[in-house]
*Asks:* 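This structure is in structure tokens; I'll ask about it shortly.
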Amino acid sequence: MTKVLTAVAWPYANGPRHIGHVAGFGVPSDVFSRYMRMAGHDVLMVSGTDEHGTPILVAADAAGVTARELADENNRVIVQDLHDLGLSYDLFTRTTTRNHYAVAQEMFRTVQRNGYLVEQTTHGAVSPSTGRTLPDRYIEGTCPICGYDSARGDQCDNCGNQLDPTDLIEPRSKINGETPKFVETQHWFLDLPALAAALKKWLDEREATGLWRPNVIRFSQNILEEIKPRSMTRDIDWGIPVPGWEDQPTKRLYVWFDAVIGYLSASVEWARRLGDADRWREWWDDPEALSYYFMGKDNITFHSQIWPAELLAYNGKGDKGGEPGEYGELNLPTEVVSSEFLTMEGKQFSSSRGVVIYVRDVLARYQPDALRYFISAAGPENQDSNFTWAEFVRRTNDELVAGWGNLLNRTATLIAKNFGEIPEAGEPTAEDRVLLETVEAAFTTVGGLIERHRQKAALAEAMRTVAEVNRYVSDSAPWQLKGDDQRARLGTVLHVMAQAVADCNVLLSPFLPHSANDVDRVLGGVGDVAPMPEIREVEDLDGGPAYPILTGEYSAAPRWERKPVVPGTKVGKPAPVFRKLDPSVVDEELARLQASAS
RNA sequence: GGGGCGGUAGCUCAGUCGGUCAGAGCAGAGGACUCAUAAUCCUCCGGUCGUGGGUUCGAGCCCCACCCGCCCUACCA
């Protein structure tokens, strides 16, 4: 049994999340975790909402609420979405807990003590009215190169040149239009160059495993070449106070410095809530433990450079040496599993332009497993992929309903009509044996593919197995086995079908957990194939405000192997598990999209 | 500008060590069956693997150039 940390990207709480987000980190991390648990590993799956940073402040100002109020609201929406999708977090928390503040500050202090945080004077833009940092992207003005009047501080969208905000002619704040003030300001910089050699060594070792996706390892190695110190504090009054700068309430930790620490702080919180406060160390301090980080490609920098750099600095493993802090020597990521981007009807998702489908809107109208199926079958695993409603309807109707759902129905109906319970198997024929061997072999192939993060291939293999069973049913034609003299053969065929369907259900359960439980009930079980997360309202462990978490008890998941069906189990006439979609939903959804985009 | 990814059947995509690798699903045509949410099963149709060179006994696969699309470029997260 291996300790496996599934570290899932933290959804940013400036609004509800769209299906591109859950396609990138949510569903793949859950499929992986569910499978690894079934394969006998000790999985700890953690995440939470990321709630600091400028965009949340800006959104809160626009809504006339405080940043905390906005974060509270979006945290709830996101928790509900992830719950409804059936994502099996051991703990889904948030970055505004006191526990997280304490862990982030401990990391900062130790990294600082080890010498990897250096104070530097820099200049940046601030808003004169609020004193807050104005990030480059929040400044616009006239491009000095092409004269475009809405160039951003970091780049001109018209001519594509990279800019410095001080280059802009007549710069103005995108937030309130005022003229930014360029000031000198002190910040703590993470000394990445002092960690570059250690980072390179770690990346080279990771590359040598051959397991990382080519895009990810190449990109990670590439950005190492132009490594520079990077500021880990900001002029902002929303975020985690900077240790040693408590007297300066407008200086806070950079949101990314603390967000990645969430993986550690959530593990700590999980252990504390379990009443076994040091339990998290089994995933973090034991070099044998494995850790997999799931995210979209825009997060690679932070997971294959910033976070490992923080860990190396904390461990005292850079050029400047040092000693680990109270958390001990922490494990660096085993694998950064980044996905690419999902596009929406051929266009990039954009909340501001209305090119977006929110998770909750999909879940309000369609089954969660229909979305999970689409994402698993056609998601942006190794390259960008496109979501279209037509394809969503087709995948649901032709593959989920017509392929898998129909196999279940014909099996259950035949059993219900002829026996009312799963019959005993008689002497198997060669065909029976071949089918059962084929299905059983799929545990190895599908499992191996999931383990190597090739979920599209894994699901395709599972669905190919479903097709094999459908073929067996057609070839065996149990509906033609009518006389008393054929009753024993009929029983055997139906027994084999029941076994094969039960096996397929286990194979599909990491992808389709909700329906896996429904399928189990159709076959006379109690629906305990795929444990589900629950939302729980909890007190902050250290006296902060209460909040909802996502957690669950997943140890009851079945093993990743054949579980023999039990003859005599009652099977009644089935009700469909999967809902077929009317083709008209394509036009309805496209009209909806059109309306929101205009 | 720099870096990266992709361009394979009408559509969506597999093809991980250069040697049955020219594939799957859908769409289209025909047939079988009737247990099943008109689902299922079988057969057929279908490609100059972006373009042009090169390496090799042999190239979707390796090298070079070019065309097209997308992404990243680190003070958005």
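Per chain, numbering begins at 1; letters A, B, ... match sequence-line order.
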*Asks:* Hey, is Arg252(A) close enough to Asp258(A) for a salt bridge, meaning N to O under 4.0 Å?
*Replies:* no
*Asks:* Determine the interatomic distance between C1' on rG19(B) and the same-named atom on rG15(B); round to the nearest Å.
*Replies:* 15 Å
*Asks:* Hey, which sits more toward the 5' end of RNA chain B by its nearest nucleotide, His187(A) or Thr411(A)?
*Replies:* Thr411(A)
*Asks:* Which value, in whole Å, describes the distance between the C1' atoms of nucleotides rG18(B) and rC61(B)?
*Replies:* 6 Å
*Asks:* Expressed as a whole number of Å, how far does the P atom of rA29(B) sit from that of rC70(B)?
*Replies:* 35 Å
*Asks:* Which value, in whole Å, describes the distance between the C1' atoms of nucleotides rA59(B) and rC75(B)?
*Replies:* 47 Å
*Asks:* Sticking with atom P, work out how far rG47(B) lies from rA22(B), rounded to a whole angstrom.
*Replies:* 15 Å
*Asks:* Taking a pair as Watson-Crick or G-U wobble with both distances under 3.5 Å, which nucleotide is matched to rG28(B)?
*Replies:* rC44(B)
*Asks:* If each of Glu399(A) and Ile306(A) is mapped to the nucleotide of RNA chain B with the nearest heavy atom, which maps nearer the 5' terminus, i.e. the 5' end?
*Replies:* Glu399(A)
*Asks:* Between rU8(B) and rC42(B), how far apart are the C1' atoms? Round to whole Å, please.
*Replies:* 27 Å
*Asks:* Does the gap between the ring centers of Trp212(A) and Trp202(A) come in under 6.0 Å?
*Replies:* yes
*Asks:* When you compare rA9(B) with rG50(B), how far apart are their C1' atoms, in angstrom units rounded to a whole number?
*Replies:* 15 Å
*Asks:* Before accepting this row, confirm whether a basic side-chain N of the pair Asp72(A)/Arg94(A) lies closer than 4.0 Å to the acidic partner's carboxylate O.
*Replies:* yes
*Asks:* What is the distance from CG of Leu435(A) to P of rC41(B), rounded to the nearest Å?
*Replies:* 13 Å
*Asks:* Looking at every strand, decide which applies to Val577(A) at a 4.0 Å heavy-atom threshold: base, sugar-phosphate, or nothing.
*Replies:* base
*Asks:* Any N or O donor-acceptor pair linking the side chain of Arg454(A) to the base of rU16(B) at under 3.5 Å?
*Replies:* yes
*Asks:* Could you check which of rA77(B), rU37(B), rC33(B) has an atom nearest any side-chain atom of Trp479(A)?
*Replies:* rC33(B)
*Asks:* Determine the interplanar angle of the Trp389(A) and Phe392(A) rings, folded into 0 to 90°, and report it as parallel if under 30°, tilted if 30 to 60°, perpendicular if over 60°.
*Replies:* perpendicular
*Asks:* Looking only at atom P, what distance separates rC63(B) and rU16(B), rounded to whole Å?
*Replies:* 14 Å
*Asks:* Out of rC71(B), rC75(B), rC35(B), which nucleotide sits closest to the side chain of Lys297(A)?
*Replies:* rC71(B)
